[in-house]
S.K.: 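Structure in structure tokens, see below.
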Protein chains: 2
Amino acid sequence: MPVTLKEVAERAGVSRSAVSRTFTDGASVSDKMRRKVEKAALELGYSPNALASSLTTGRTKLIGLVSNNFHNPIFLQVFDLFTRGLQDKGLRPLLVNLSDELEPGNSVRMLRQYSVDGVVVASSTLPPEFARAFRDAGVPVVHSFGRYSSSPEVHVVTIDNREAGRLAARTLVSRGYTDVAFLGGPETATSTQDRYAGFMSELALHPEIRSSYSFAEAYSFDAGRREMLRLLNLKPSEAYFCGDDVLSIGALSAIADRGLSCPGDIGIIGLNDMEMAGWENINLTTIHQPIEQIISSSIELMLALLENPDRYPEARIYSCPVVERGTLRPPPTA
Amino acid sequence: MPVTLKEVAERAGVSRSAVSRTFTDGASVSDKMRRKVEKAALELGYSPNALASSLTTGRTKLIGLVSNNFHNPIFLQVFDLFTRGLQDKGLRPLLVNLSDELEPGNSVRMLRQYSVDGVVVASSTLPPEFARAFRDAGVPVVHSFGRYSSSPEVHVVTIDNREAGRLAARTLVSRGYTDVAFLGGPETATSTQDRYAGFMSELALHPEIRSSYSFAEAYSFDAGRREMLRLLNLKPSEAYFCGDDVLSIGALSAIADRGLSCPGDIGIIGLNDMEMAGWENINLTTIHQPIEQIISSSIELMLALLENPDRYPEARIYSCPVVERGTLRPPPTA
DNA sequence: ATTCTCATTGCAACCGGTTGCAAAAATACA
DNA sequence: TGTATTTTTGCAACCGGTTGCAATGAGAAT
């Protein structure tokens with residue numbers, strides 16, 4: 001049904017190569033030829049078949065975008081930025097929804113069948129081994145929001161989650177809280193593990209401060225809400241570092257339900273600085289994760305990787321400032 | 001770099017056709033042959049190139065998923081359900097982020113270049129002409145969440161937005177509100193237009209009721225919040241039908257900020273019944289949009305369409321019940 | 001054992017393009 | 001104007017598979 005190169009060639013009375021070349025930039029075609037071909041192509045409504053050409057060129061311009069977080073609204077923004085960013089560079093995102101799957105095998109196989117030029121793993125929960133499976137299969141890969149490592153095996157663009165955890169702890173300590181807790185996302189998520197580890201390592205420097213921790217089932221509003229409701233039924237801490245803004249906002253909702261106030265009764269610090277965190281009636285103090293930068297850097301890195309697949313693996317770490325709003329009490333006046 | 005059919009054939013000492021046939025189901029291969037080939041394939045780590053085969057078979061199993069709403073969290077669920085549903089059927093979603101683009105030309109061209117087998121337009125804002133452009137280009141298309149028409153030109157799976165508007169109006173009237181308003185999404189969105197039209201047409205039956213309307217800039221929390229803040233500075237109505245839950249929740253946040261109560265001072269009814277609407281501290285009365293059903297039906301329809309592209313266009317309409325929660329005052333007791 | 005079927009296999013052409021190479025055409029240089 | 005050089009063009013092979021067709025082989029029927 002669609003028009004092929006051959007038909008255009010026949011109509012223009014030229015060889016197939018000539019047609020191919022007018023649609024390949026950098027190829028040698030005279031102006032006269034180009035005009036003839038373009039005329040015929042226009043009349044026929046021809047546009048080249050990207051997949052057929054990929055057979056010989058070895059490039060599909062397809063990029064696998066694999067993710068497993070379809071509950072955290074932050075990821076809507078992530079998809080928005082990734083799809084737009086890739087499109088702007090002439091690349092096409094082939095979306096893979098991992099959901100509960102943990103083994104990379106299927107995704108690797110599938111994405112190789114479709115000859116993707118590269119893969120972006122956009123997930124803060126998957127371990128580095130996941131992305132490595134793509135590299136091992138010879139597919140250029142960037143892991144965005146992944147676990148930081150000082151000797152990365154695959155390219156990773158992310159924040160230092162341990163440092164974020166330490167920062168949260170330091171912030172709570174500086175406010176004079178003496179009984180604090182970590183309310184994390186799923187325990188299997190690398191980001192949860194790292195934020196937890198950082199948080200606790202900083203608190204270890206302050207033995208006078210009591211600490212505890214627990215984990216929500218997912219990075220979602222509901223999970224945060226449920227977990228905080230559970231904690232409120234026990235003996236809640238003075239302040240919580242929630243592993244993510246959605247957890248924080250869920251927790252705030254639980255606190256409000258119980259008729260408690262924040263920061264009056266309980267302090268909360270989140271992580272991400274999602275749009276909602278800035279709403280006046282939420283006004284969440286949180287640690288900002290520079291999502292735009294991480295994504296644009298990931299795309300840039302992917303482009304470089306497509307140029308040179310053997311590029312030495314690098315970790316790009318972005319820093320995370322605290323955004324002061326209204327869910328922590330002010331520092332004690334000296 | 002990846003292993004090809006030819007290499008497998010050589011290793012197994014058979015013809016290329018034989019290898020192809022063992023990987024094509026329905027083809028005629030003896031058990032002995034199959035075993036030989038599978039052994040060789042396994043040893044070499046072969047998996048067939050889906051794009052190469054698409055050249056001859058004419059099917060890529062690629063489905064274009066085009067959307068333009070990357071701000072409404074409901075769409076995260078939409079993407080989740082679509083990608084999972086398509087994957088389960090062996091199809092691969094090629095995501096297209098329309099953003100501000102209104103013309104279908106580019107998307108059509110791009111998706112045809114990638115020889116997608118079909119296209120799902122997932123958008124409540126794009127006009128039917130958008131989807132029609134795909135049909136006109138010979139690409140099977142399903143418009144999910146699109147505008148309902150009694151003589152559809154393309155397949156559409158959706159709700160009757162006009163009826164939803166009428167239902168909202170009837171509900172407000174039944175609660176005894178006498179000064180009501182429509183707070184819609186962007187005025188250019190078909191869903192906004194239809195909900196508005198339905199709302200007003202029902203109110204026309206009650207000339208004693210005062211009505212007004214206005215539009216938020218987008219289907220997003222922030223836009224709803226901003227618009228409600230603006231309205232509160234003027235003379236607000238008794239109750240609002242917000243064109244969407246995110247607008248409602250934004251509006252609720254504005255109302256709370258002003259120290260007003262809902263439903264005490266102002267009533268709100270939303271549309272969608274997103275997860276957050278059920279939170280205790282939001283507890284939004286809203287009109288339920290059956291997203292799961294719409295999406296699974298869309299996928300099912302797409303599969304049928306791939307079987308028979310000339311299937312007669314149909315509109316599948318799902319009904320929308322009111323979900324009673326706590327943001328409207330109860331009906332006046334008789 | 002012979003003939004007839006029918007399943008299996010390989011050959012070769014094809015899907016829609018790209019590209020190295022050599023011939024042809026255009027341009028530069030003398 | 002003739003020759004050297006460069007650009008443009010077409011041929012044909014190739015990318016990684018699929019498939020119609022005819023040849024082969026195995027089993028069934030006689």
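Numbered from 1 within each chain, the chains take letters A, B, ... in sequence-line order. The basis for the numbers below is simple: all heavy atoms, side chains too, and nothing from hydrogens, waters or symmetry mates.
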S.K.: Using a 4.0 Å heavy-atom cut-off across all strands, classify Val19(B) as base, sugar-phosphate, or nothing.
M.R.: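 Val19(B): no heavy atom of the nucleic acid under 4.0 Å.
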S.K.: Rounded to whole angstroms, how far apart are CG on Leu44(B) and P on dG16(D)?
M.R.: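 For the pair Leu44(B) CG and dG16(D) P, the rounded distance is 14 Å.
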S.K.: Please pick, from dT18(D), dT18(C), dT9(D), the nucleotide with the shortest atom-to-atom distance to any side-chain atom of Ser30(A).
M.R.: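 In terms of side-chain proximity for Ser30(A), the closest of dT18(D), dT18(C), dT9(D) is dT9(D).
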S.K.: What I want to check is whether an N or O donor and acceptor connect the side chain of Arg16(A) with the base of dG17(C) at under 3.5 Å.
M.R.: yes
S.K.: Between Arg21(B) and Ala52(B), name the one whose nearest nucleotide on DNA chain D is closer to the 5' end.
M.R.: Ala52(B)
S.K.: Return whichever of Pro48(B) or Arg34(A) has its heavy-atom-nearest nucleotide of DNA chain D closer to the 5' end.
M.R.: Arg34(A)
S.K.: Answer with base, sugar-phosphate or nothing: what part of the nucleic acid does Ser53(A) contact at a heavy-atom distance below 4.0 Å?
M.R.: sugar-phosphate
S.K.: Give a yes or no on whether a donor-acceptor pair under 3.5 Å exists between the nucleobase atoms of dT18(D), that is its base, and the side chain of Ser17(B).
M.R.: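 No.
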S.K.: Check the distance between dA13(C)'s C1' and Lys6(A)'s NZ and give it to me in whole angstrom.
M.R.: 12 Å
S.K.: State, without any angle test, whether Asp80(A) and Asn97(B) hold a side-chain donor-acceptor pair at a distance under 3.5 Å.
M.R.: yes
S.K.: Which nucleotide in the set dG17(C), dC15(D), dG17(D) lies at the smallest distance from any side-chain heavy atom of Tyr46(B)?
M.R.: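 Output: dG17(D).
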S.K.: Which of these nucleotides, dT18(D), dG17(D), dG10(D), is closest to any side-chain atom of Thr4(B)?
M.R.: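 It is dG17(D).
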S.K.: What integer distance in Å separates Arg35(B):CZ from dT8(C):C1'?
M.R.: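 Nearest whole value for this atom pair: 14 Å.
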